[in-house]
Amino acid sequence: MVDLFGQGDFDVRLDWGPVGARAAQADVSVVVDVLSFSTAVTVAVERGMRVFPFRWKGEEAETFAADNQAVLAVGRLESTKSGSVPAPSLSPASLLTCAPIPRLVLPSPNGSTIADALRATGSTVAIGCLRNAGAVAEWLVPALEARRSVAVVAAGERWSEDDSLRPALEDHLGSGAILSKLVALGYGDRLSPEAWSAVDLFDAGVEQLSARLHNCVGGRELTSKGFSADVDVASDIDASSVVPVLVDGAFDVGAVRPPAEVGVTELGGGATDEARTRTTRMTGEAKL
């Protein structure tokens with residue numbers, strides 16, 4: 001019997017948080033944490049950095065960074081303290097302008113935690129956000145043509161009172177953006193109702209996307225702390241053609257390729273000419 005809670009009757013699924021990510025049991029998983037892990041990783045990889053996710057900061061993160069000969073990102077507020085040593089942080093705006101770091105450890109209680117949980121399942125893990133929504137959808141085409149399952153995982157936030165999941169509008173919109181692009185590419189019949197609902201949400205608000213990000217709880221929280229520029233960077237839809245993929249414990253631009261090694265020649269007779277054309281274009285872009 002197909003797992004009902006994992007949306008197993010559908011090739012393209014949407015779920016929330018670490019538990020939902022594991023429940024989906026997908027061959028390929030896209031982690032969406034718009035404010036700000038996914039956006040920060042996308043920006044860093046755009047600039048040639050190799051990003052190691054880690055569950056959260058502290059002494060363990062410092063040891064992990066040292067073991068991987070990497071620089072540990074600091075918290076947003078820490079990076080703005082007077083007299084602090086300039087260092088990259090979880091702020092996407094700062095990552096756009098800081099000196100590139102070859103190897104960066106980026107702690108996060110949401111996106112990083114989900115990526116780590118998915119790595120243990122054997123799923124191919126990619127990063128998605130509004131900035132690279134179209135690129136992610138194109139990148140998923142070979143997997144879907146090969147009849148592989150895909151889960152878009154909205155990270156959400158955590159309630160401080162009991163650490164339970166708090167669904168976040170920005171992640172629902174980011175997930176909807178990727179899924180809407182898949183619908184435009186002709187894969188709407190493969191989506192679960194949960195995935196379709198995210199498409200509907202995104203399509204209904206796309207004209208007010210920036211305003212909705214700035215005015216939602218996550219956007220207002222960042223703005224109140226002086227990080228409105230991070231919301232601007234996060235809402236810049238399709239600004240990036242990079243799809244960070246987790247390989248050997250790190251997200252890397254060199255890993256941009258059709259998911260799970262599904263290449264053009266592996267699509268078989270069932271693939272359409274249009275899909276082969278899309279795949280060839282993606283493979284060429286990955287070599288740039």
Side-chain angles (χ1 to χ4, degrees), residues 3 5-39 41-42 53 108 110-119 121 123-157 165 167-203 205-206 209 234 237-238 240 242-246 251 258-260:
D3 178 17
F5 291 101
Q7 303 168 43
D9 283 322
F10 303 92
D11 291 333
V12 182
R13 308 152 191 174
L14 171 79
D15 220 314
W16 287 86
V19 176
R22 290 190 294 268
Q25 301 182 54
D27 298 313
V28 183
S29 301
V30 180
V31 179
V32 180
D33 185 356
V34 171
L35 298 176
S36 297
F37 176 75
S38 292
T39 304
V41 171
T42 301
S108 159
N110 300 308
S112 253
T113 299
I114 294 169
D116 188 59
L118 284 169
R119 180 174 57 171
T121 70
S123 180
T124 297
V125 183
I127 287 294
C129 59
L130 290 165
R131 287 183 66 86
N132 70 346
V136 170
E138 289 274 359
W139 179 83
L140 288 169
V141 165
L144 291 173
E145 290 293 330
R147 306 302 301 189
R148 301 180 72 83
S149 57
V150 170
V152 176
V153 182
E157 299 290 341
L165 175 71
L169 177 61
E170 64 269 19
D171 297 339
H172 214 168
L173 288 169
S175 299
I178 295 166
L179 293 163
S180 179
K181 303 287 186 180
L182 281 179
V183 171
L185 289 170
Y187 297 96
D189 61 328
R190 312 276 285 277
L191 271 61
S192 70
E194 290 82 358
W196 260 113
S197 294
V199 173
D200 293 340
L201 177 70
F202 173 78
D203 288 349
V206 66
L209 187 60
I237 191 163
D238 289 333
S240 176
V242 166
V243 181
V245 182
L246 188 63
F251 292 103

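As a basis for the values below, the full set of heavy atoms in this structure was taken, side chains included, without hydrogen atoms, waters or symmetry mates.
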First locate atom [atom1] of [X], then atom [atom2] of [Y], and finally report the distance between them rounded to the nearest 0.5 Å.
| X | Y | atom1 | atom2 | answer |
| --- | --- | --- | --- | --- |
| Y187 | L179 | OH | CG | 14.0 Å |
| R22 | T121 | CZ | OG1 | 9.5 Å |
| D33 | L35 | CG | CG | 8.0 Å |
| I237 | C129 | CD1 | SG | 9.5 Å |
| W196 | D203 | CH2 | CG | 8.0 Å |
| F37 | I127 | CZ | CD1 | 4.5 Å |

How far apart are the closest heavy atoms of [X] and [Y], and which atoms are they?
| X | Y | value |
| --- | --- | --- |
| S175 | L14 | CB-CD1, 3.7 Å |
| G134 | D238 | N-OD1, 2.8 Å |
| S38 | V31 | OG-O, 3.0 Å |
| A168 | E157 | CB-CG, 4.2 Å |
| F251 | P53 | CE1-CG, 3.8 Å |
| V243 | N132 | CA-ND2, 4.1 Å |

Return a table of donor-acceptor pairs under 3.5 angstrom between the side chains of residues 111-118 and protein atoms on other chains or two or more places apart.
from, atom 1, to, atom 2, distance (Å)
S112, OG, F54, N, 3.0
S112, OG, F54, O, 3.1
S112, OG, L106, O, 3.1
T113, OG1, P109, O, 3.0
D116, OD1, R119, NH2, 2.9
D116, OD2, R55, NE, 3.1
D116, OD2, R55, NH2, 3.0

Backbone N or O of [Y] within a donor-acceptor pair of the [X] side chain at under 3.5 Å?
| X | Y | answer |
| --- | --- | --- |
| S192 | A195 | yes |
| S29 | A151 | no |
| T39 | V34 | yes |
| S149 | D27 | yes |
| S108 | N110 | yes |

Worksheet item: Can you find a side-chain donor-acceptor pair between T42 and S240 that sits under 3.5 Å?
Response: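 Per modelled atom types, T42 and S240 side chains form no pair under 3.5 Å.
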Discussion item. Quick one, L185 and E138 - any side-chain contact, counting heavy atoms below 4.5 Å?
Written reply: yes
Worksheet item: What do the steps show when you test D11 against V150 for side-chain contact (heavy atoms from CB on, under 4.5 Å), and what is the final call?
Response: CA-CA 6 Å; D11 291 333; V150 170; over 6 Å; no
Worksheet entry | Step-by-step side-chain contact (heavy atoms from CB on, under 4.5 Å) determination, F202 to L130 | CA-CA 11 Å; F202 173 78; L130 290 165; 4.2 Å; yes
Item to complete: Verify side-chain contact (heavy atoms from CB on, under 4.5 Å) between D171 and W16, making sure each step is shown before the conclusion.
Response: CA-CA 9 Å; D171 297 339; W16 287 86; 4.2 Å; yes
Discussion item. One pair to check against side-chain contact (heavy atoms from CB on, under 4.5 Å): V12 and L140. What are the steps and the verdict?
Written reply: CA-CA 10 Å; V12 182; L140 288 169; over 6 Å; no
